[in-house]
Each structure stands twice: as C-alpha cells, then as structure tokens.
Number of protein chains: 4
Amino acid sequence: MSPRRRDAEGTTSARAERRAELLAAAAQVFAERGYTATTVREVADAAGILGGSLYYHFDSKESMVEEILSTFLDDMWAGFDRILAAGLGARETLEALVAESFRCIDVYRPAVVIYQKESRYLAATWERFGYLAESWRRHQEMWLGLIERGIAEGEFRADLDPALIYRFIRDAVWVAASWYQPGEKLPAEEVGTQYLSIVLEGIQATT
Amino acid sequence: MSPRRRDAEGTTSARAERRAELLAAAAQVFAERGYTATTVREVADAAGILGGSLYYHFDSKESMVEEILSTFLDDMWAGFDRILAAGLGARETLEALVAESFRCIDVYRPAVVIYQKESRYLAATWERFGYLAESWRRHQEMWLGLIERGIAEGEFRADLDPALIYRFIRDAVWVAASWYQPGEKLPAEEVGTQYLSIVLEGIQATT
Amino acid sequence: MSPRRRDAEGTTSARAERRAELLAAAAQVFAERGYTATTVREVADAAGILGGSLYYHFDSKESMVEEILSTFLDDMWAGFDRILAAGLGARETLEALVAESFRCIDVYRPAVVIYQKESRYLAATWERFGYLAESWRRHQEMWLGLIERGIAEGEFRADLDPALIYRFIRDAVWVAASWYQPGEKLPAEEVGTQYLSIVLEGIQATT
Amino acid sequence: MSPRRRDAEGTTSARAERRAELLAAAAQVFAERGYTATTVREVADAAGILGGSLYYHFDSKESMVEEILSTFLDDMWAGFDRILAAGLGARETLEALVAESFRCIDVYRPAVVIYQKESRYLAATWERFGYLAESWRRHQEMWLGLIERGIAEGEFRADLDPALIYRFIRDAVWVAASWYQPGEKLPAEEVGTQYLSIVLEGIQATT
DNA sequence: AATGAATGAGGATTCATTCAT
DNA sequence: CATGAATGAATCCTCATTCAT
C-alpha cells in the first residue's frame with residue numbers, strides 16, 4: 001500500500017486496462033458494422049483516439065479481433081467444461097449450458113456476435129484463426145453428445161434428427177446476441193429462462 | 001415470329017439468363033465470404049470472367065446485391081402475403097409461414113444468408129437499401145401480430161413474452177440458411193417440418 | 001505472319017514488354033535514391049502512371065526489386081559460369097571476368113548498384129532475398145579460388161593477402177557502377193580495359 | 001575546484017559522453033541497415049533506451065546523422081589538409097592520403113559507410129546536407145590534382161585516364177569500410193599498406 | 001460481350017516526433 | 001533523464017470502377 005507499490009501496480013494494470021478499454025470499443029464497432037466493413041479509423045474514433053495510436057497497443061486490426069475472440073472463448077469454454085464435468089443429467093446439463101450461454105451473451109455480447117458472423121470468414125482467410133473452426137467443432141460435439149444422450153435416456157424426443165436439434169438450439173440461443181441490447185426490457189437471465197422453457201417443451205419426450 | 005423478332009427475344013432472354021447466372025455466382029460468394037469482404041474480382045472468378053466484364057452487365061457491386069436481395073424478397077413477401085390473406089387460424093398460419101420460409105431457404109439460400117448477415121450494414125450505409133429495414137419491420141409486425149393472436153385465441157402459451165417468441169422463431173428458422181447446404185441429408189421441407197414440430201411443442205398452450 | 005498470329009504474339013510479349021519498361025523505370029529510381037527511400041509513387045511517376053497501377057503488374061515493391069535483381073544475377077552468373085568452364089589460365093580468366101563484369105555494368109547498371117547497396121539490407125529483412133547472400137558467397141568463392149590459383153601458379157603476387165586482393169578487385173570493379181553514367185566519356189568496355197590494366201599491374205608477380 | 005564547478009563540468013562532460021555513446025550506437029545501426037531503413041526505435045533499442053528518449057539529446061533523426069557525419073568529415077579533412085600542406089612529392093602524398101583514409105576507416109568505420117552510401121540521398125533531400133556534395137567535390141579535386149601532378153612528374157602512368165584513376169583509388173579505398181570489421185584478421189593499417197602496394201604497382205610508371 | 005490496362009479514392013500500417021509525468 | 005502514450009503525415013497496398021480495343 002506504499003505509494004511506490006501502488007505506482008508499480010498501477011503502471012502494470014494501467015496498460016492492461018487501456019487495452020481492455022480499446023478492445024471493448026473495437027468489439028462494439030466490429031459487432032455493429034462487421035469486421036471487414038469497419039475501418040481502423042472507426043475503431044479509433046469510437047475509442048476517442050487517432051487511427052495510428054491503436055498501433056501502439058496492438059499489432060494489427062487482425063490481432064484486435066483475435067484478442068476479443070480468444071478472451072471470450074477461453075471464458076466460455078471454461079464455463080462449459082465446468083458444467084460438463086459436473087456429472088449432471090442430460091436435462092440439467094442442457095439447462096446449465098443454456099444459462100451459461102446467456103451469461104456469455106450478457107458479458108461478451110459484441111464478441112459473441114463477431115464469433116457468429118465472422119468465424120467462417122476469419123478461419124478461411126487466416127491460419128491464425130483456425131482455432132475458431134476448432135471451437136465450432138467442439139461446440140457441435142458437445143451439443144450432439146448431450147442430445148443423443150438425452151434421447152437415449154428417454155428425456156428428449158426420439159422422432160427428431162439430433163443434428164437438427166443441435167443446430168436449432170445453437171442458433172436459437174446464440175443468435176439472441178444479435179438482437180439483445182444492454183437496455184433490453186428483459187434481463188439476459190430471464191431471456192435465457194424463457195428460451196430454455198420453449199426449447200425444453202419443444203424437445204422433451206412426452207410421457 | 002419474324003427472324004428479327006426471334007432474335008430480339010433470343011437476345012433479351014439470353015441477356016437475362018446471363019445476368020441470372022452471374023447473380024447466382026455473386027450470391028454464392030457474397031453469402032460465403034460476406035459482402036464487404038468479397039471483391040468484385042472474386043465474383044468474376046466464380047463466374048469465369050474478368051473483373052471489368054461484370055460492368056457490362058451491372059452498374060456496380062451494390063446493384064448486384066440489390067438485385068439478389070430484391071428478387072428474393074419480392075418472392076418471399078408474395079408468398080407471405082398469400083398466406084396471410086388466406087384467413088387461416090393462428091396455428092395453421094404459423095405452419096404455413098414456416099413452410100414458406102423453408103421454401104425460400106431452399107430456393108434462395110445465398111440470398112437469405114445475405115439478407116440476414118448484411119441487412120443492417122447495407123441499410124445503415126446506403127439509402128437505397130432502406131427497404132431492407134422496412135422488410136424486417138414487416139417481418140416483426142407479421143410474426144408479432146400472429147403470436148399475439150395465437151395467445152389471445154388460447155393456442156399459444158401466455159407465459160412467454162411475445163416479442164421473445166417472435167425472435168426465437170425468426171432466428172431459429174432463418175439462421176438455418178446459414179448451415180443448410182445443397183447436399184444436406186434432410187430435404188429442406190423435412191427440416192422445416194421438424195423445426196415446426198419443435199416450435200409448436202415449445203410454444204403451444206398445454207391443455 | 002498472319003495478323004492473328006501476330007496478335008497472339010503481340011499480346012503475349014506486350015505484357016512482358018510493359019513489365020520490362022516498368023522495371024527499368026523502377027531500377028533507375030531505386031538505384032538513384034535507394035530502395036527504402038524510394039516511394040512507390042516515385043516509381044510510378046518515373047513510369048508515367050499512377051501509384052496503384054503498378055500493382056496490376058507486380059505484387060509489391062518487394063517483388064519489383066526481386067525481379068530486377070534476379071534478372072541481372074541470372075545473366076551475370078551464366079556469363080561467369082561460361083568463363084569458369086572455359087579452362088583458361090588464371091590471368092586470362094581474370095581478364096574475362098572483369099570484362100564480363102563491365103558488360104553487366106553496361107547492361108544492368110541500376111541493378112548492379114542496387115545489388116551492391118541493398119543486398120545486405122534485403123537479405124537481412126526478408127527471407128526471399130536469401131539468394132543474395134548466396135550470390136555474394138559464390139562471388140567470394142570464385143574470386144578467391146582464382147586468386148589463390150594465380151598465386152600458386154606464380155602469376156599473381158604472393159606477398160598479398162588473397163582475401164584482400166579479392167575484395168580489392170571486387171570493390172574496385174563493381175563500385176564503378178555507382179558512378180558510371182550512360183553518357184560517360186569512356187565506353188564501359190574501355191573503362192574495363194583500363195581498370196584491368198591497373199589491377200593486373202598491381203597484382204601480378206614481377207619477373 | 002568548488003563543488004559547484006566540478007558539478008557543472010561533470011554534468012557537461014557526462015552529457016557529451018552520453019551523446020557520443022548514443023551517436024556511436026546510431027552510427028552502427030545506420031551503417032548496417034541504411035539510414036532510411038533504420039527506425040528511431042532501432043537506434044534507441046541499440047542504445048538501450050526508448051524511442052522518445054532520444055529526443056532529449058537530439059533534435060531529430062536527421063541531426064543525428066548530421067553530427068555523425070560532420071564529426072568524421074571534420075577530422076578527415078583536417079588530416080588531408082595537413083598532408084596536402086606538407087609539400088611532399090606526388091607519390092609520398094598519395095601514400096599519406098591512403099594511410100590517412102585507412103586511419104579514418106579504423107576510427108570512424110560506421111560514419112565512413114554512411115558517408116558512402118547515403119551522401120547522395122541526403123544531399124538530394126535536404127539542403128542542410130549540401131556540405132556532403134561539397135566534400136565529394138573537394139575529394140575529387142584533391143585526388144585529381146594529385147594524379148595529374150604525378151603523371152606530369154612522370155611518377156604515374158600516362159596511359160590511363162586520370163579521372164578513372166581517381167575513381168579507382170577512391171572506390172577501392174573507401175569501400176573497404178563496408179567490409180572491414182572490428183575483429184578483422186589484418187589491422188586497418190596493414191590493409192592500407194597492402195592496398196597502397198597494389199595501387200602503386202598498378203599506377204606507377206614503369207621505368 | 002469480354003479483355004486488360006489504368007485510375008484514384010480509401011484503407012491498414014509505419015514511424016518520426018511530441019509531451020505530460 | 002527516461003518513459004510511454006499519443007499524434008498525424010506519409011507509405012504501401014487494395015479494389016471498385018472506367019474505357020479503349
């Protein structure tokens with residue numbers, strides 16, 4: 001707590017904080033206009049600095065999205081992995097995954113939008129974004145496994161194609177990020193609950 | 001039937017056919033890489049000609065998407081309007097609208113993808129694309145009206161937010177265009193049927 | 001000789017000719033101001049077109065020097081290899097090599113200047129220019145081998161360091177490209193002859 | 001001898017020393033990569049400080065080369081002038097000039113390299129470097145006068161073009177700075193002696 | 001209809017330089 | 001003295017578009 005110590009800490013975290021600020025501005029703009037259609041100047045304007053100044057903090061426009069996406073994905077997968085490791089039933093797992101998804105939408109909304117809209121383009125254009133394709137693959141694996149298990153255990157309807165259910169859920173849930181706004185009437189959690197309710201009614205086996 | 005007249009007709013339709021071919025190629029590429037990220041050269045490559053040659057057929061890159069989108073939207077709204085005018089019950093109307101949506105996905109897949117991913121950007125950037133925002137507004141109006149009617153008539157669940165149901169359906173259905181591929185295992189119609197089945201189970205009132 | 005055939009040939013070579021013209025202009029400017037200090041606009045100005053137009057013909061500023069240098073080096077080494085394979089005596093070989101060097105200076109003057117001034121920078125900065133370092137290595141090998149042979153055969157002075165002689169000759173000869181101008185009083189060949197005369201007097205063994 | 005005075009002196013010379021250190025680092029890097037291709041950051045890195053910090057010591061990148069070059073040139077011309085004023089014979093003068101040149105290469109190697117490679121560019125780009133062109137002119141005048149005198153006095157060969165001899169010597173001698181390294185096998189003086197020996201044999205009149 | 005060369009505005013990036021701390 | 005964040009002009013390069021052939 002000595003002044004010296006506060007300075008040192010301050011300096012270290014000041015840099016990280018500034019990066020985070022700038023990335024927040026960038027994510028916002030990328031999500032709104034699309035990564036390619038957004039100019040570096042627009043990002044800089046949103047951050048209140050000049051175009052060239054961004055390059056003091058980041059290597060390139062590319063590395064900005066990089067950091068935006070990987071920060072979000074790391075957190076998301078940590079959350080998903082925790083849930084998957086908890087040994088819950090199929091239905092409880094699905095509930096938890098949907099809730100976690102909405103938490104991510106709440107916290108990382110712009111990143112989620114970018115992840116959805118730009119993944120294919122980014123992965124197809126630069127090798128460094130190969131991990132995005134990998135993330136989608138894990139996504140599919142996770143949901144598909146869960147749904148098949150739910151069907152096998154008699155919890156989910158057996159008359160539907162599992163791959164189709166997977167996509168249905170994935171899309172219905174994730175696309176919500178595209179329209180969900182900070183000032184939305186319903187809190188993200190409530191949206192999640194209602195979505196979950198629809199999905200569960202829609203896919204659970206009738207007894 | 002004079003040679004001249006046949007020529008004229010032949011020329012006219014040949015020209016129209018060529019346009020259609022080129023637009024199909026363009027739509028394909030725009031859908032895959034995104035409108036902004038796609039260069040005119042890429043479109044031309046996909047069509048087997050050189051970049052400059054496209055300008056014999058079209059005024060600009062802009063007017064290509066224009067035509068791709070308006071062709072699709074005109075057809076889609078004609079279909080929707082026919083259904084809405086048919087005087088069906090809420091549930092039957094919803095069934096017909098979902099079926100019509102999947103017909104559009106089947107016929108205009110790339111256009112649907114573009115409509116979803118690029119509408120916001122296009123409408124925000126050029127006035128001439130204002131009709132896209134208008135189309136989305138009509139979309140919302142249509143679904144919201146239908147859902148509220150269904151709730152009022154006791155066919156749909158009353159415990160859900162109508163605006164939320166609207167988005168849920170819209171997203172779940174339309175985003176299917178993003179993953180639906182020509183060679184898909186299930187035909188579009190079957191996908192539509194299963195989606196509808198999930199949605200109906202999910203939102204209909206329990207008796 | 002039919003018009004058609006002439007057209008086809010014409011088209012093919014027209015492209016190559018244009019490239020050559022542009023490269024000549026570029027080499028000129030690069031040699032005069034230095035590669036890094038030369039802007040693409042200056043190259044374009046020298047060629048009478050706009051900056052962007054260069055990119056129709058070349059991938060990058062880098063690939064322009066690339067082509068300038070490799071064209072020159074390929075020709076130079078072909079010449080050197082022919083001479084080295086001819087089985088001449090040390091003194092005759094040296095004479096021929098110097099003559100060939102001055103022929104290159106005459107034909108590729110700007111390229112020679114670039115080769116001298118920028119090789120180190122280019123090779124250190126981009127892997128693709130690694131062959132420049134390789135070329136210098138062959139250069140050294142060639143001259144050093146020749147000089148040692150000349151000393152061993154008693155044709156060249158034994159009281160000098162061979163590596164030093166090599167550098168002396170290399171520099172004296174090649175740097176001439178820096179000052180030799182198209183309108184020079186003496187033709188390149190005559191300069192070569194006089195240089196050779198100085199060098200030979202300077203290094204040959206006194207009998 | 002008062003503390004104050006000692007401080008003042010100490011500060012002054014400390015500052016001068018620091019400048020010299022920084023300039024040595026700068027010269028090194030400029031010589032290696034070329035003035036234009038070297039960034040201020042690279043200079044700072046080589047000096048172990050940050051880019052901005054250089055501006056506490058120097059006005060600009062320009063003024064760094066300025067100082068590097070003028071320090072060297074002042075010393076060099078002082079040496080040359082002393083020799084020229086000594087009233088030696090043509091041959092002895094030439095010997096002394098070559099020796100002095102190698103002394104400069106030894107002491108100011110990076111500056112010599114910069115002087116050779118960048119003079120034309122600097123003089124053509126900024127008026128303040130006009131003195132570089134002037135220095136080259138004096139160089140030429142000096143050598144040319146000497147050579148013509150040597151020829152007239154029968155010491156040097158009359159069958160060679162004096163301008164050519166001048167360039168030959170100038171280049172052969174000065175370019176040595178480009179390859180001479182601190183750890184070189186032969187000391188600079190010995191290189192000078194051998195070079196001189198070649199040159200003298202090469203140009204002196206045969207009796 | 002199509003080609004291919006060129007245009008020129010705009011975009012990402014670099015870098016010398018400034019300045020508050 | 002040095003730092004580190006920011007500036008802004010300049011640079012390389014891209015790309016929609018034009019146009020003579």
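The chains referred to below are lettered A, B, ... by the order of the sequence lines, with proteins before strands, and numbering in each begins at 1.
Judged by distance alone, with hydrogens and angles left aside, the side-chain atoms of E42(C) form a donor-acceptor pair with the main-chain N or O of T39(C) at under 3.5 Å. Side-chain atoms of K61(C) come within 3.5 Å of backbone N or O of T38(C) as a donor-acceptor pair. Between the S63(A) side chain and the E66(A) main chain, no donor and acceptor come within less than 3.5 Å of each other.
Between the side chains of Y115(B) and S135(B), at least one donor N or O lies within less than 3.5 Å of an accepting N or O. Between the side chains of T36(A) and Y35(B), not a single donor N or O lies within less than 3.5 Å of an accepting N or O.
Regarding L54(A), its CG atom lies at a distance of 12 Å from the P atom of dT14(E), rounded to whole Å. The interatomic distance linking L22(D) (CG) with dC1(F) (P) rounds to 10 Å, in whole Å. Atom-to-atom, CZ of R33(D) to C1' of dT14(E) comes out at 13 Å; the value is rounded to the nearest Å. Straight-line distance from the CZ atom of R19(B) to the P atom of dA2(E): 13 Å, rounded to whole Å. A straight line from CG of D45(D) to P of dA2(F) spans 14 Å, rounded to a whole angstrom. The CG-C1' distance, from L50(C) to dT14(F), rounds to 15 Å in whole Å. A straight line from CD1 of I49(C) to C1' of dG4(E) spans 13 Å, rounded to a whole angstrom.
Between R18(B) and Y56(C), it is R18(B) whose nearest contact on DNA chain E lies nearer the 5' terminus.
The shortest heavy-atom contact between A26(A) and V43(A) is CB-CG1, 3.7 Å. What you find for Q116(C) and S178(C) is that their closest heavy atoms are NE2-OG, 4.4 Å.
Using a 4.5 Å cut-off on side-chain heavy atoms (C-beta onward), L69(B) and L122(B) make contact.
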In the 5'-to-3' direction, what one-character label does each nucleotide of nucleotides 16-21 of chain F receive under the scheme B = base within less than 4.0 Å of a protein heavy atom, S = sugar-phosphate only, - = no such atom? SBB---
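For H57(A), no side-chain nitrogen or oxygen approaches OP1 or OP2 of dG4(F) to under 4.0 Å.
A salt bridge does not link E32(C) with R120(D): none of the charged nitrogens is closer than 4.0 Å to a carboxylate oxygen.
Remark: DNA chain E takes part in the stems E:2-21 with F:2-21, each of 3 or more antiparallel Watson-Crick or G-U pairs, criterion distances under 3.5 Å.
The aromatic rings of F72(B) and Y108(B) are tilted relative to each other, their planes meeting at an angle between 30° and 60°.
Heavy atoms from other residues, nucleotides or ligands lying under 6.0 Å from CZ of R128(A) number more than 12.
Near DNA chain F, defined here as any heavy-atom distance below 4.0 Å, there are no residues from residues 119-130 of chain C.
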